[in-house]
Amino acid sequence: MTTDQPGEIKPGAIYEDCSFHPVLCTHINDGDEIGGISLIDASSPRACSLSGCAVIKLSIADVIAARADWPAYQARRREEFAAQQGPTTA
């Protein structure tokens, strides 16, 4: 299970964006917009909101797991995220 690592996310840190990509943080604008480069496919800029997205700080082990089997990692993270959100009512 992937868990939010302790500490502030700042340039140089690794975080997971709202598409579940491990991202190397390159900048934070206005204390809310966070951006960086994907450690999966080098896509950039990848940007999220610290207050509006479910951004978490990742460990190196999480990045290695994601790189080893990206489709499986992404599927697992989607399941974990859905479980954290709880059941939905329709």
The criterion is side chain to side chain donor-acceptor pair (under 3.5 Å); which residues satisfy it with R78, sequence neighbours excluded?
none

Can you get from Y15 to V63 by hopping between Ile, Leu, Val, Met, Phe, Trp and Tyr side chains that sit under 4.5 Å apart?
no

Tell me which pairs pass salt bridge (Lys or Arg N to Asp or Glu O under 4.0 Å) where either residue lies in residues 51-60, with sequence neighbours left out.
none

Minimum-distance pair of heavy atoms, taken over all atoms of G36 and S44
O-CB, 3.7 Å

Heavy-atom donor-acceptor pair, Q5 side chain to T3 backbone, under 3.5 Å
yes

Can you list the residues that meet the side-chain contact (heavy atoms from CB on, under 4.5 Å) rule with D41, with sequence neighbours excluded?
H21, S38, S43

Non-neighbouring partners of D62 that pass salt bridge (charged side-chain N to carboxylate O under 4.0 Å, His left out), sequence neighbours left out
none

Partner set under side chain to side chain donor-acceptor pair (under 3.5 Å) for S49, not counting sequence neighbours:
D32, S51

Mind listing the closest non-hydrogen atom pair of I40 and P22 along with its distance?
CG1-CD, 3.5 Å

F81: which other cluster members, linking ILVMFWY side chains closer than 4.5 Å, directly or transitively?
F20

Correct closest heavy-atom pair for Q74 and S19 would be NE2-O, 3.3 Å

Enumerate the salt bridge (Lys or Arg N to Asp or Glu O under 4.0 Å) contacts for residues 7-29, please, sequence neighbours excluded, ordered by first and then second residue.
E16-R77, D17-R46

